Amino acid sequence: MQLDAPQLLLGINPWLERNALRFRIDLSQLKSKLAKNNPKRKAMRTLPTLIPALQDDEEFQALSGALKKGKFDLPFVAEVVATSCRAILSKLMFREVLVELRAEESEGVYTLLTTSHELEMTGQIVSFAFLATLGSLGNDVVEQLPPPNVLAKQINETWSKLEQTVDRDGLPMQHRFLVAEARERGIRWQRILRRPALLHFGSGRHWRRLELTTTDRTGYLAATTAARKPRAAALMQMMSVPVPVQFQVQTVEQALAAATKIGYPVVTKPMSGNRGRGVSANLKNDAELRVGFQRAVAVNKTVLVEDFIVGEDYRVLVIDGECVAAVKRVPPSVVGDGGQTVRRLIDKANATRFRPDGLPRILAPLPADDEAKRIMAKSGWDLSSVPPEGTRVYLRSVANGGSTEDVTAEIHPDNAMAAVRAAQILGVDVAGADFISPDITKSFREVGGGLNECNYKPDLFVHILAEGDDPPDVVGALFDYLFPADSPRGLDAIVIMGVEDDTLGALVETIAGEVSREGDARVGGLGPAGLFSALGAVEPLQNFALQAPKVSLDTGLDVGVFGARLDAATKDGLGVDYLDLLVLPNIPAPGEDETALVLRAADRCEGPVLVEYGHPLTAVLADRVADRLHVVSPEPSPTAPPGCSTLGLDGGALVVCAPDGAAAPCGPTAPNFNAMVARFAAARASGS
C-alpha cells in the first residue's frame, strides 16, 4: 500500500479546470488479503470512530448502505479513502471541496484529485484518511499495524494536529466565504500574503484586494482615525452624529473623577482594541468602576470613560455609503432548561464546533471567568444555579462574542443614516457602526440612543450567522461594491499551446507586439524567454505554472500573453484558469493527457479558438467548439474541415471558420500564421 507525495496542478490541467492536487494511491497489495479476510462490517463500523468527520456525513452513510449490495473490494476501499478525504476537507475547511477518484490502468492504482490546493494541509488530510482507512481494515488485512488502542491514539493525535494546522495556516473564516462568492461570480482570486491573509481578486488592471473587510480603497487616515476612538468620537460629535460624552484617563483616580462629571452609569474600555476586549458597561458605582478600569487598562494604558447609553446593542454594516444590514447583538449568555446548572449549560454550548445548520461556530467560547461571575451575581445567579426554562443568564455586559438577530428591515431611517454619516465622516468605505437604542424601530431623536463607535474592519459573521427569516447577503453586497455589474474583472488572457520553444517564442513576441501597437494596450506575459511586463523581460523562465499567476498580479496590464509548452502544462497545469483567446500552432499527434489538456482549455476558453491548418485535433475541436473554432491557413485554398466554410482574405490568406464566419480577422493580412493570429488578437484587444 502506498500513497505518493501530492502533485500540485495550477490552473487548467488534463483533469480539472482549476488548481488541484493530484495523489496516486496504490492498493494493489490488498487484493489477496481482502479475498481471504473481508472486514467490511468491521471497517465501516470502525471508521467513524477514527474519523469524526464521517459520523454524520451523508455520502459515507450512502456508501455504507451501498456496501450491503456490493463487494468490499479494491475499488470500494479507494472510494472510502476519497469519501473520507472529502468529508474531512469540507469539515475542517468549512467549504465544499471537490474530490474525484479515477482508476488507472494498473489494477488497484488510483488517482485522487482535490480542488483544495493548500499543499501541506491537504497532503496531511489525505495521508490521515489513507492511514485511518487502512487502520480500520485490521491486522488480518494490513500487516504491521500497531495494536488497536495504540492506533486509535495515534489517529486521535493526528486529528488534533490537523485541526491546529487548519486553524493556523488555513484561510481565515471570513475569507473562505469571500472566496466562495468570488468563485460563484467567476472572479479569479489568489492569496498573496499568509499573515495577514491578503486576497487579490480579478487580474491585470481590474483588481481589488481584501484583508478581511479592509479593502484597497480603505485609506490609511480613515483606518487610523477610526481606530483611535477619541479622535473618531470628536469628529462625529463635531458633525452632529449622536455619540456619548467621553474622557481619556490613565489612572483609576482620573477614571473616578470622569465618572463623577458624567454621572453613573458609565462604560470603561481601552482606547484601542477590538472584539470587546476589556470593555465593561453599565458600571453603577465606584467599586464597579475600579474593576472595569483594571480590565480596560490591561488592554491599553489609556482608558476611555464614557456615558452609558441606555438601550440594546446593534451593529449596522455600511458599504460605500449605504446601510446594508443591521443586527441586534445579544451578550454572551445561556438559556435555562429547568434542569441543568449554568456551568453545564456553558459546557454544553461550548462542546460543539458546529451549529445545527452546519455553519462553523465562529464565536468565541462562552466564558465562565470572574467577569462572568460578577455579571451573573448582579441578577442573583452563579455557576451552580439552575435557571428556569426559558430564562436567559448573561455572562457579559457587552455583546461581543454573543449571538445576533437580524433587524435590517426594522431599523429606523434616522438611525441608519446616523451610521452612514459616521462612516462618511471617517472616510471608511466598509464600516461597522455600533448603535445603542432602546427601540431601533424609532428615531434616536425621539427615544434617545446614539453611536457608540464606528469600526473600519467590521466582522461579517455577526450578519452571516444572524438569526432571522431572510438576513441580507452581506458578502454579495461587498462584492457588488468591489465589482459593480458589467465592470471588467480581469485582463484579457491569450494562451498559446505548442511543443517547440522557437514557435512559441515567436508567437508570443509577435502577438504581444501587435496587440501593444494596434490595440494601444499594456501587454505582459510569459513564454519560453521568461516573464515580461509592459516594460520588457523581467524574469527568466523557471516553472511556467508557478510563474503564470504573476502575470495576473501585474496591476499595470490590459492583456496577458501566455506561451505554454504542452508537456510542461500537462505535468504542472496551464497556470491560468480562464482564457479569452486560445491559439494552437501545428504540432505532432499529442498523447492522451496532452489531448485532454487542449480540449479542456478549448472548453474553458471564453472566446475564439485559433488552430493552425493541419493541427491533429482540428476535427475533434470542430465537434467540441464549432461555434468558436477558426482554422487559420496561409495557403490559398485549404480543404475545410467538415461543417465549416472558407473565407478569403486580402493577401491570399484564408481562414476556415464556423459557418457564420464570426470574428474573422479583418483588413490586409500577410500569408503567415503568426501575423494573422497577431492581427486577430490585436483586433479583439482594441474592441474592433
Side-chain angles (χ1 to χ4, degrees), residues 6-22 113-119 182-183 186-192 199-204 206-207 489-501 503-505 507-509 511-512 523-533 537-555 557-585 587 590 593-607 609 681:
Q7 175 190 2
L8 178 62
L9 304 168
L10 290 176
I12 300 168
N13 54 78
W15 299 275
L16 296 173
E17 293 180 346
R18 49 187 165 129
N19 296 352
L21 281 174
R22 183 188 184 202
L113 296 158
T114 169
T115 52
S116 173
H117 60 283
E118 300 276 2
L119 184 61
R183 284 178 175 156
I187 299 172
R188 288 86 204 175
W189 71 277
Q190 297 180 58
R191 178 165 65 176
I192 55 179
L199 297 185
H200 183 100
F201 295 95
S203 60
H206 311 293
W207 63 276
R489 300 180 177 185
L491 53 70
D492 290 336
I494 301 171
V495 174
I496 310 153
M497 300 174 66
V499 297
E500 296 179 0
D501 286 347
T503 301
L504 287 171
L507 268 169
V508 169
E509 183 177 346
I511 291 174
V523 183
L526 181 64
L531 184 73
F532 65 96
S533 70
V538 294
E539 185 178 330
L541 180 65
Q542 297 166 353
N543 180 297
F544 190 94
L546 289 176
Q547 288 175 285
K550 296 180 182 180
V551 179
S552 298
L553 288 174
D554 190 335
T555 56
L557 298 183
D558 298 289
V559 179
V561 183
F562 303 85
R565 284 183 59 100
L566 262 178
D567 53 356
T570 300
K571 175 178 176 292
D572 299 320
L574 193 55
V576 296
D577 60 2
Y578 80 101
L579 54 156
D580 299 282
L581 177 63
L582 176 61
V583 180
L584 300 173
I587 60 171
D593 287 347
E594 292 177 332
T595 298
L597 176 64
V598 171
L599 296 180
R600 192 170 294 280
D603 290 339
R604 186 70 169 155
C605 183
E606 298 177 7
V609 177

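Numbering of residues begins at 1 and proceeds along the displayed sequence. All values derive from a computational prediction rather than experimental measurement.
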Q: Quick one: pull up CD in Q190 and OG in S203 and give me the separation to the nearest 0.5 Å.
A: 8.5 Å

Table please: side-chain donor-acceptor pairs of residues 597-607 below 3.5 Å, with sequence neighbours left out.
unit_1 : atom_1 : unit_2 : atom_2 : d
R600   : NE     : N13    : O      : 3.2
R600   : NH2    : W15    : O      : 3.1
D603   : OD2    : R624   : NH2    : 2.4
R604   : NE     : D577   : O      : 2.6
R604   : NH2    : D577   : O      : 3.1
E606   : OE2    : R188   : NH2    : 3.3

Q. Looking at CG of L557 and CG of L491, how far apart are the two atoms once the value is rounded to the nearest 0.5 Å?
A. 6.5 Å

Q) If you draw a 6.0 Å radius around CD in E509, do more than 12 non-hydrogen atoms from other residues or ligands fall strictly inside? A) no

(Q) Can you list everything that forms a side-chain contact (heavy atoms from CB on, under 4.5 Å) with V495? Sequence neighbours excluded, please. (A) M497, F562, L574, V576, L579, L582

Q | Heavy-atom closest contact (S533 atom, D554 atom, distance) | A | CB-OD2, 3.4 Å

Q | Set of residues satisfying side-chain contact (heavy atoms from CB on, under 4.5 Å) with respect to H206, sequence neighbours excluded | A | P488

**Q.** Minimum heavy-atom distance G505-P528, with the two atoms named
**A.** N-CG, 3.7 Å

Q. How long is the span from the CD1 atom in I496 to the CG atom in L566, to the nearest 0.5 Å?
A. 12.0 Å

**Q.** D580 side, atom CG; D492 side, atom CG - distance, nearest 0.5 Å
**A.** 4.5 Å

Q: Search all heavy atoms of G202 against all heavy atoms of I187 and return the closest pair with its distance.
A: N-CG2, 3.7 Å

Q | Min side-chain heavy-atom separation R183-W189 under 4.5 Å | A | yes

Q: Check whether any side-chain heavy atom of L10 lies under 4.5 Å from a side-chain heavy atom of D572, and answer yes or no.
A: no

Q.
Holding to side-chain contact (heavy atoms from CB on, under 4.5 Å), I want the full list of residues that pass it with Q7, two or more places apart in sequence or in another chain.
A. L9, R22, K571

(Q) How close do F544 and G563 get, counting heavy atoms only, and between which atoms? (A) CE1-O, 3.1 Å

**Q.** Pairwise side-chain hydrogen bond (donor to acceptor under 3.5 Å, both in side chains) hits with a residue in residues 557-568, at least two apart
**A.** R205-D558, D501-R565, R565-D567

Q: Check T503 against P585 and note the closest heavy-atom contact, atom names and distance.
A: CG2-CB, 4.0 Å

Q) Minimum heavy-atom separation for G573 to A545, with atom names? A) O-CB, 3.5 Å

Q) How would you list, by chain and number, every residue that makes a side-chain contact (heavy atoms from CB on, under 4.5 Å) with E539, sequence neighbours excluded? A) L531, Q542, Q547, K550

